[in-house]
Amino acid sequence: MNSHELIESFGEFARSKNIDRPTMMSILDDVFRTMIRKKFDQDENFDVIINPDNGDLEIWRNREIVDDNSEDIWDHDKITLTDAQKIEPDFEVGESVAEGVKLEDFGRRAVLMARQTLIQRVKDLERDNLYQKYKDQVGEIVTGEVYQVWSREALIMDKDDNELVMPKGEQIPKDRFRKGDTVRAVVHRVEVINGTPKIILSRAAPAFLERLFELEVPEIYDGLIVIKNVVREPGERAKVAVESYDERIDPVGACVGMKGSRIHPVVRELENENIDIINYTDNLELYIARALSPAKVGSMKINQESGRVSVFMKPDQVSLAIGRGGANIKLASRLVGMEIDVFREAIDYEEDISLDEFQDEIEPWVLAELKKIGLDTGRAVLAVKKDDIVRRTELEEEMVDDVYRVIRQEFADDEDLDDSTLEAAKTRARTDATAPDAAADAAADAAATDEEAAVTHTSATETAPEHIPLATEETDENKPTTEEAGASSPAEPAQ
């Protein structure tokens, strides 16, 4: 391979990798000087002239002519008069000689090694550029095309044909990619494995939802509305706390848009993920009450030291607070940064039995299904209609009948629990007071009234007609019946 072929092939390769001309010239000069140092031990008195456009390469060795008997004849930049006159007979002592060095003089092996070095340097440069490019884009949305889908990850190609990876855990569970699909995701992180950068994309990260809101809501992009926190159960539910720096702007209404025009594109991108938008406040109690939306909170006790909150609410609100599979209370806890425990408000009941006492007769998974919808005592189960339990759980009618039978039998040992007794318990639960004395009742009612008044604006915005399908889509399943109001025991935990 001659110099022309080497330079021309490298130039074409470098241009295909989008390497600019100055960088390409620098790489060529560095590689050829490395060859010179290997052959001549140094390169200080060498000139390398390269023209990558036409493939020209010139290497000149510059030396000073000295007398044959001089002590400097062994210096790298000196040449004897006799050797100089072999190049040009007219040379004299003290003059400079510029001797051309051909690429072939370095040997075939050195030339092939130079070619491999040039290619490797370009690849290293390409990897470094890829790392620097996406390192600065962490947390930003990128668009790519699905190239291949495996069981554990999907390979995405960006517009420059760079390989990006989206692991299964960073995908929305409802995502179904096919080759050629265009997909949007956020750059989650950039890793370097064995010198090769690996770009990890994510559609499940909270940052993806945040960036989507920035694209759809100009007030967020301009900084008038700030997203304080985002928590998600990808593909199921999300809660977003927003705050407005302009008192004239309603942050919740601005994010929802007219008839949901702004939030609908976000929901579609997230595979119909339910999104609750909450007005952020520094009032911790009010913030927790809003985080548990759509459930209404009666009262709460906050323990800052342990980081736990005990929330008390009416029995018909417990299932709303917990949500399907406990998703609502989990997200609320993560949103406020504290562990939330939900309790039913105390109601004057006769003796009740916890569902845990029935473990010997009722299978654990059946008990778990009942607890998911806020039924954790025997009377709580009996006070709810069979159809409601079947609709809100994974249990079949025959299984619910068996549960009724076991619980009725347990209560029959202590009292004659017939339908009229159950109906009386339901009626009493709907009408009885929740505190032992009138003064405590009045204080609790006043606190509840203040709390409801404080969240009126947010609740009205979040449950506007255009937003109902988004924020409360699962309430059909979780909506408690009126009978369920008589199903709790004093201060029994709901989970």
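Only a predicted model underlies this, so the values are computations on that prediction, with no experimental measurement involved.
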> Charged N to carboxylate O under 4.0 angstrom, Lys228 versus Asp282?
Replying inline: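 A salt bridge is absent here (no side-chain N lies under 4.0 Å from a carboxylate O).
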Please report the closest heavy-atom contact between [X] and [Y], naming both atoms and the distance.
X	Y	answer
Leu375	Leu355	O-CD1, 3.1 Å
Pro206	Val230	CB-O, 3.7 Å
Cys255	Ile277	CB-CD1, 3.6 Å
Pro251	Ile225	CA-CD1, 3.7 Å
Leu370	Leu395	CD2-CD1, 4.0 Å
Pro197	Tyr131	CB-CB, 4.0 Å

Just wondering, do [Y] and [X] contact through their side chains at under 4.5 Å, heavy atoms?
X	Y	value
Leu270	Leu212	yes
Leu209	Phe213	yes
Leu331	Leu335	no
Glu271	Asp175	yes
Trp150	Lys168	no
Arg184	Leu215	yes
Met338	Arg308	no
Arg405	Glu361	no

>> Name the residue from Ile278, Val226, Ile227 that meets the side-chain contact (heavy atoms from CB on, under 4.5 Å) definition with Val242.
In response: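 Option passing the side-chain contact (heavy atoms from CB on, under 4.5 Å) with Val242: Ile227.
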> Could you give all pairs that pass the salt bridge (Lys or Arg N to Asp or Glu O under 4.0 Å) test and reach residues 135-145, with sequence neighbours left out?
Replying inline: none
Donor-acceptor under 3.5 Å ([X] side chain, [Y] main chain):
X	Y	result
Asp158	Asp160	yes
Gln171	Met166	yes
Asn303	Glu305	yes
Asp222	Leu224	no
Ser333	Ile329	yes
Arg290	Asn279	yes
Arg211	Gly139	yes
Arg237	Ala327	no
Tyr404	Lys386	yes
Ser202	His188	no

I need the [X] [atom1] to [Y] [atom2] distance, nearest 0.5 Å.
X	Y	atom1	atom2	answer
Lys372	Ile322	NZ	CD1	11.5 Å
Glu236	Asn272	CD	CG	11.0 Å
Gln359	Leu367	CD	CG	6.5 Å
Leu320	Ser293	CG	OG	9.5 Å
Ile288	Glu285	CD1	CD	7.5 Å
Thr377	Asp356	OG1	CG	11.0 Å

>> Could you walk me through whether Arg334 and Glu233 satisfy the side-chain contact (heavy atoms from CB on, under 4.5 Å) test, starting with their C-alpha distance in whole Å, then the side-chain angles of each, then the deciding distance to 0.1 Å, before giving a yes or no?
In response: CA-CA 11 Å; Arg334 288 160 52 189; Glu233 287 291 334; 3.2 Å; yes
> What's the verdict on salt bridge (charged side-chain N to carboxylate O under 4.0 Å, His left out) for Lys314 and Asp316, showing C-alpha distance, side-chain angles and the deciding distance?
Replying inline: CA-CA 6 Å; Lys314 294 180 179 179; Asp316 62 339; over 6 Å; no
> Going through the distances and angles, do Ile407 and Ile353 end up as a side-chain contact (heavy atoms from CB on, under 4.5 Å)?
Replying inline: CA-CA 9 Å; Ile407 296 177; Ile353 302 175; over 6 Å; no
> Going through the checks in order, is the side-chain contact (heavy atoms from CB on, under 4.5 Å) test met by Ile220 and Arg262?
Replying inline: CA-CA 12 Å; Ile220 294 179; Arg262 291 179 173 178; over 6 Å; no
> Taking it one step at a time, do Arg232 and Glu273 satisfy salt bridge (charged side-chain N to carboxylate O under 4.0 Å, His left out)?
Replying inline: CA-CA 9 Å; Arg232 294 179 63 193; Glu273 185 172 310; 2.9 Å; yes
>> Would Val165 and Ile156 count as a side-chain contact (heavy atoms from CB on, under 4.5 Å) here? Give the steps.
In response: CA-CA 6 Å; Val165 175; Ile156 314 294; over 6 Å; no
> Does a donor on one side chain and an acceptor on the other come within less than 3.5 Å for Asn229 and Lys239?
Replying inline: no
>> Please evaluate residues Asp124 and Arg121 with respect to the criterion salt bridge (charged side-chain N to carboxylate O under 4.0 Å, His left out), reporting the C-alpha separation (whole Å), side-chain torsions for both, the decisive distance (0.1 Å), and the verdict.
In response: CA-CA 5 Å; Asp124 292 343; Arg121 287 288 299 275; 5.8 Å; no
>> Apply salt bridge (charged side-chain N to carboxylate O under 4.0 Å, His left out) to residues Lys123 and Glu126 and explain how you reach the verdict.
In response: CA-CA 5 Å; Lys123 290 183 177 179; Glu126 184 183 22; over 6 Å; no
Exceeds 12 heavy-atom contacts within 6.0 angstrom, atom [atom1] of [X]:
X	atom1	value
Glu394	CD	no
Tyr147	OH	no
Glu269	CD	yes
Lys174	NZ	yes

